[in-house]
Asks: 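Questions regarding the structure given below will be posed in turn.
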Amino acid sequence: MTAHLLILQVIIPLVSAPVCLLLRGDRAAWAFTLTVSWAVLANALLLLNTVLAAGSLSYAIGAWAGPFGIEYRVDTASAFVVLIVASVGAVVLPFAYKSVRHEIPAERIGLFYTCFLLCLTGLLGIVVTGDAFNLFVFLEISSLSSYTLISLGRDRRALTAAFQYLVMGTIGATFILVGVGLMYMMTGTLNMADLAERLSPVADTRTVRAAFAFLTVGVSLKLALFPLHLWLPNAYTYAPSAVSAFLAATATKVAVYVLLRFFFTVFGVEFSFEAMPVGQILSMLAVVAMLVASTVALFQDDIKRMLAYSSVAQVGYIILGISLASVTGLTAGIIHLFNHALMKGALFLAMGCLFLRLGSVHIQDLQGIARRMPWTMAAFLLGGLSLIGVPLTTGFVSKWYLVQAALEDNRWVVAVLILFSSLLAVAYVWRVVEIAYFRPARRVSLRVAEAPAVMLVPTWVLIGANFYFGIDTSLTSALARRAAETFLGIGT
Amino acid sequence: MEALVSILIGVMTASAVYLLLRTHTFPVILGLSLLGYAVNVFLFASGRLQLDSAPLVEHGLKQLPDPLPQALVLTAIVIGFGMTAFLVVLALRALGALGGDRVDEGEES
């Protein structure tokens, strides 16, 4: 059984997707998807457990041994990201039932859950695969299903948002394909471990440098690195609430993982950060992302759009950590990967609760809503605190590591800018809190009741996790450090 | 033949970029397909261009085209086809729902 854990991680949701399509009725489709997502989570936990004991795990598909067959390979970092994706999926689905029923026409709900499962398959596949081309295929599976999910949004502008995302995403995927093709041209292999060995003798060629550039730009488009983030705000704003929460917490994280995989495993840290100037470029873009996106977030009246811009800023923090290419920096990046999934997941779920009751998340419609929906707004407030990085929350842990990494590298200015961008986060979170808590309620919202418990519980589970992992950091920081050390080739 | 193919890929990519920068959905869809074609031809050509050679292996022949890029391109074509189909449907739905075919239809600028 343990031998097949790795492939089951992908096969379970993949096989379930067509089955889900055959089910009659939205309740059956939802219950089925929920069961599958919990099975996926259980599998992910077992996988992490096995990997922590064994170091890494490899699976040859169809018993065709690598480098000729497609190999799936999982180490600490990938098992950690698999766990993030699987647990966000498992938390979002209980929430999805009411939210999806409210936002999506009944005849499309079966299709919605099918696409959800396919998206889960794609995201998990990207993380577990050890084959560069297979990664591209899974990337396209997850992308195509997420375009579909976004286009199902109730607002008609969701169609335009999905269109823009599709065009940008496909350009990104095309870049990745060219990069993989160029690597194959130079080495004759697609297996990542094999690529890593064969690339270093030919590293000083124009083809390999071009491959590196294509991959970096393509993946940066997918992870919404400033200034390639333009698809993200619309996509997250107009997507159905459950989809915003799921994608905000997983899709960009998986893209960051792909970047890490290519930088550190395939090309190697010497090539990526010494032969190529990617460290300087990325850290500059990351700092600009932090400042510009946070400032833009400050002026958004749609709260989902505000959170979307805040996501761009948070991706900036993650990339900043990675661009330092030190153990502390990488640990900060990976730990923020996890923490940001928790806080953005929670905040977007709170948005879903508001949207269910108010039909809008425009700031004007939130006046005095805290009295009507105290639990939802309390969740938003606590999630916001984590976003800012107040002590005892996960956000604080991330920023602590990040500032430490910046200081270790003697980058005082960067450390100050990190703190400054946190102040911007204070401002945009406070703006919502002030309106929701201290303004008199509008007459329309007087009849509004608190969101149902099935939606509040998942939201609060994520909020609870924000505080749990903010206080007891031993698990996450140990995992992140171990993953960082594996990437840098230090330690076990 | 290599020179011809590379010029072809260059022209296709340039046209694709031009079309992608248009404001209406249809040229953008064409541009994206064209970009896909250019990349596919590029990958295909990377397996060596050769006429009248064996599909996989032949005794006595040292220089054979690599079959793997062809398999990769086949996969990429299928994915690209799915993307284009969805993109066309999406553009048509947007045209119906929003009454226009600009790529930023419905956004207040």
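Numbered from 1 within each chain, the chains take letters A, B, ... in sequence-line order. These numbers were taken from a predicted model, which means no experiment stands behind them. Hydrogens, waters and symmetry mates play no part in the numbers below; they use all other heavy atoms, side chains included.
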Asks: For each of A:D155, A:V180, A:L159, tally heavy-atom pairs with chain B at distances under 4.5 Å, and name the one with the top tally.
Replies: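 The answer is A:L159.
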Asks: By a 4.5 Å heavy-atom criterion (distance strictly below it), what part of B:L72 contacts chain A: side chain, backbone, both, or neither?
Replies: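 B:L72 touches chain A through backbone and side-chain heavy atoms alike.
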Asks: Counting only heavy atoms not in A:R209, do more than 12 sit closer than 6.0 Å to its CZ atom?
Replies: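 It does: A:R209 CZ has more than 12 such atoms within range.
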Asks: How would you list, in number order, the residues of residues 16-31 of chain B that have a heavy atom less than 4.5 Å from chain A?
Replies: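 When heavy atoms of chain A are the reference, residues 16-31 of chain B contributes B:L20, B:T25, B:V28, B:I29 within the under-4.5 Å range.
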Asks: Can you check whether A:N134 reaches A:Y72 side chain to side chain, under 4.5 Å on heavy atoms?
Replies: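 A side-chain contact under 4.5 Å exists here.
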Asks: Where does A:F133 contact chain B at under 4.5 Å (heavy atoms): side chain, backbone, both or neither?
Replies: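 Only the side chain of A:F133 comes within 4.5 Å of chain B.
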Asks: At a 4.5 Å cut-off on heavy atoms, which part of A:E140 comes close to chain B: side chain, backbone, both, or neither?
Replies: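 Both parts, backbone and side chain.
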Asks: Please determine whether the number of non-hydrogen atoms from other residues, nucleotides or ligands lying under 6.0 Å from atom CZ of A:F175 exceeds 12.
Replies: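 At most 12 heavy atoms, drawn from other residues, nucleotides or ligands, come within 6.0 Å of this atom.
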Asks: Are A:F214 and A:I176 packed together at the side-chain level, in the sense that at least one heavy-atom pair is separated by less than 4.5 angstrom?
Replies: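 Of all side-chain heavy-atom pairs linking A:I176 with A:F214, none is under 4.5 Å.
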Asks: Between A:F299 and A:M306, is any pair of side-chain heavy atoms under 4.5 Å apart?
Replies: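 Side-chain contact under 4.5 Å: no.
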Asks: Which one of A:T160, A:L190, A:L177 has the most heavy-atom pairs closer than 4.5 Å to chain B?
Replies: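 Greatest number of close heavy-atom pairs with chain B: A:T160.
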Asks: What part of B:L87 gets closer than 4.5 Å to chain A, counting heavy atoms only: side chain, backbone, both or neither?
Replies: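 For B:L87, the contact with chain A is made by backbone and side chain together.
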Asks: Can you tell which part of A:I141 gets under 4.5 Å to a heavy atom of chain B, answering side chain, backbone, both or neither?
Replies: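 A:I141 has no heavy atom closer than 4.5 Å to chain B.
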Asks: Going by distance alone, is a donor N or O of one side chain under 3.5 Å from an acceptor N or O of the other, for A:Q164 and A:N234?
Replies: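 A:N234 and A:Q164 do have a side-chain donor-acceptor pair below 3.5 Å.
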Asks: Is the shortest side-chain heavy-atom distance between A:S142 and A:I126 below 4.5 Å?
Replies: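 Yes, at least one pair of side-chain atoms sits under 4.5 Å.
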Asks: Please test A:T237 against A:D302 for side chain to side chain donor-acceptor pair (under 3.5 Å), starting from the C-alpha separation and ending with a verdict.
Replies: CA-CA 8 Å; A:T237 310; A:D302 188 307; 5.3 Å; no
Asks: Do the non-hydrogen side-chain atoms of B:M83 and A:L144 ever get within less than 4.5 Å of each other?
Replies: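 They are in side-chain contact.
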